[in-house]
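Working notes, beginning with the structure itself.
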Amino acid sequence: MLAAKSVVGQRAFKASATRAAPKGARRAVVVMARKSEVSESYAKALVELADEKGKLEAVHADVDAVSSLMKENKKLSDLIMNPIVDADKKRAVLAKIAKEAGFQQYTVNFLNLLVEKDRLSLVPEICECFEDLYCQMTDTQVATLRSAVKLEQEQQFLIAKKLQELTGSKNIKLKPVIDSSLIAGFVVEYGSSQIDLSIRGQIERVADQLTKEMTAKLA
């Protein structure tokens, strides 16, 4: 199924690649737009296949793992993104990671397809596109959780549960970020909203209040 979809996608990719591109400064913009379209096409093919096979959650976990590895392991990222590195070596490295992490076969096949088509440089962007599509399909609200120290799983669960009540979303996905400048506590950012329960936030609110009071007295 994925192979069939990829063939259609490949034809579209080749067709777009053969179109004449504008010269000069506009060329970079056009190339960037096409890159995004290619990433979206690959992500869409994988998310649709995973959903069709009833493996959406499992493949999503795989994609999450790949995304995290690429961000946290610079050596791996450099190897995967390097066009000079032999495809067989990349395939072997990915196979080892997939085996150790217990990836779904659909994920393994997809990664091999990216190696074959020399699209591994798009992995970070494909992961982002996949995440967006997954959230749309599952009514998932993504929230950034910034805290001074790493929060326990139970704490994160309680925060996610409260957010679910506030937003009415079917699912909540927290993206933890360590921010020592908060001193203590945490800040949750979702959509255009923010919940600030950090010590820094409290200090700033107190400072603002004192400033207003002093200004009023001097007026």
Side-chain angles (χ1 to χ4, degrees), residues 1-18 30-83 85-144 169-176:
M1 184 68 182
L2 180 57
K5 289 182 179 179
S6 66
V7 170
V8 175
Q10 291 157 25
R11 289 174 180 169
F13 304 154
K14 290 178 181 178
S16 64
T18 55
V30 174
V31 171
M32 184 60 70
R34 286 178 182 168
K35 177 181 177 182
S36 179
E37 289 171 6
V38 173
S39 297
E40 288 176 2
S41 296
Y42 274 104
K44 188 171 185 289
L46 181 59
V47 80
E48 287 180 350
L49 175 66
D51 186 46
E52 178 185 320
K53 300 298 182 180
K55 297 291 184 179
L56 183 58
E57 293 301 328
V59 172
H60 174 246
D62 293 347
V63 173
D64 251 2
V66 171
S67 179
S68 296
L69 278 171
M70 293 291 285
K71 291 175 182 176
E72 299 168 6
N73 192 325
K74 188 177 185 303
K75 187 175 180 180
L76 172 65
S77 179
D78 289 345
L79 184 147
I80 294 299
M81 306 283 274
N82 192 336
V85 176
D86 184 71
D88 288 337
K89 184 174 181 179
K90 292 181 180 180
R91 193 177 288 108
V93 170
L94 291 172
K96 183 178 179 181
I97 293 172
K99 184 177 180 180
E100 292 178 353
F103 284 175
Q104 292 289 312
Q105 190 59 48
Y106 302 114
T107 309
V108 176
N109 293 344
F110 182 75
L111 291 173
N112 285 333
L113 177 66
L114 294 181
V115 174
E116 179 186 338
K117 301 303 176 185
D118 195 20
R119 297 293 191 181
L120 285 178
S121 62
L122 298 181
V123 165
E125 196 172 78
I126 291 173
C127 289
E128 289 179 9
C129 292
F130 184 97
E131 181 66 20
D132 290 341
L133 291 169
Y134 170 83
C135 289
Q136 291 173 23
M137 291 179 68
T138 59
D139 186 21
T140 297
Q141 172 75 57
V142 179
T144 299
S169 297
K170 185 177 179 181
N171 302 292
I172 296 291
K173 179 175 181 179
L174 295 179
K175 290 189 174 182

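Here the structure is a predicted model, which means the values were calculated and not measured.
- With respect to R91 and D88, a salt bridge is recorded, a charged nitrogen being found less than 4.0 Å from a carboxylate O.
- Taking the side-chain hydrogen bond (donor to acceptor under 3.5 Å, both in side chains) definition, one finds that Q105 meets it with N109, sequence neighbours left out.
- Annotation: the span from E57 atom CD to D51 atom CG amounts to 9.5 Å, rounded to 0.5 Å.
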Margin query: Assess the residue pair K99 and V108 against the criterion (side chain to side chain contact (heavy atoms under 4.5 Å, CB included)); give the C-alpha distance rounded to whole Å, side-chain angles, the decisive distance to 0.1 Å, and a yes or no.
Written below: CA-CA 9 Å; K99 184 177 180 180; V108 176; over 6 Å; no
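- Side-chain atoms of S68 come within 3.5 Å of backbone atoms of D64 as a donor-acceptor pair (strictly under, hydrogens ignored).
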Next item on the list: Determine, step by step, whether E37 and Y42 satisfy the side chain to side chain donor-acceptor pair (under 3.5 Å) criterion, reporting the C-alpha distance in whole Å, the side-chain angles of both residues, the deciding distance to 0.1 Å, and the verdict.
Entry: CA-CA 9 Å; E37 289 171 6; Y42 274 104; over 6 Å; no
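- In terms of the side-chain hydrogen bond (donor to acceptor under 3.5 Å, both in side chains) criterion, residue partners of T138 (sequence neighbours excluded) are, by chain and number, T140.
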Checklist line | Evaluation steps, side chain to side chain contact (heavy atoms under 4.5 Å, CB included), between V66 and V123 | finding: CA-CA 8 Å; V66 171; V123 165; 3.8 Å; yes
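- Under a 4.0 Å N-O distance rule, the pair K90/D86 does not qualify as a salt bridge.
- For the side chain to side chain donor-acceptor pair (under 3.5 Å) criterion with S39, the lone passing option out of E128, R119, E125 is E125.
- Of the inter-residue distances, the one linking Q104 atom CD with L56 atom CG reads 11.0 Å to the nearest 0.5 angstrom.
- Contact of the L49 side chain with the V59 side chain is not registered, since no non-hydrogen atoms from C-beta on lie closer than 4.5 Å.
- Between L133 and E48, the closest side-chain pair of non-hydrogen atoms is not below 4.5 Å.
- Annotation: the span from L94 atom CG to F110 atom CZ amounts to 11.5 Å, rounded to 0.5 Å.
- Separation of atoms CG (L120) and CG (D118) is listed at 7.5 Å; rounding is to 0.5 Å.
- Remark: N171 engages no residue in a side-chain hydrogen bond (donor to acceptor under 3.5 Å, both in side chains) (not counting sequence neighbours).
- To the nearest 0.5 Å, the span separating CG on L46 from NE2 on H60 amounts to 11.0 Å.
- Considering CD of Q136 and CD of E131, their distance stands at 10.5 Å, rounded to 0.5 Å.
- Annotation for A43 and I126: closest pair CB-O, 3.7 Å, computed over non-hydrogen atoms.
- Contact record, C129 with E40: SG-CG, 3.6 Å, taken as the closest heavy-atom pair.
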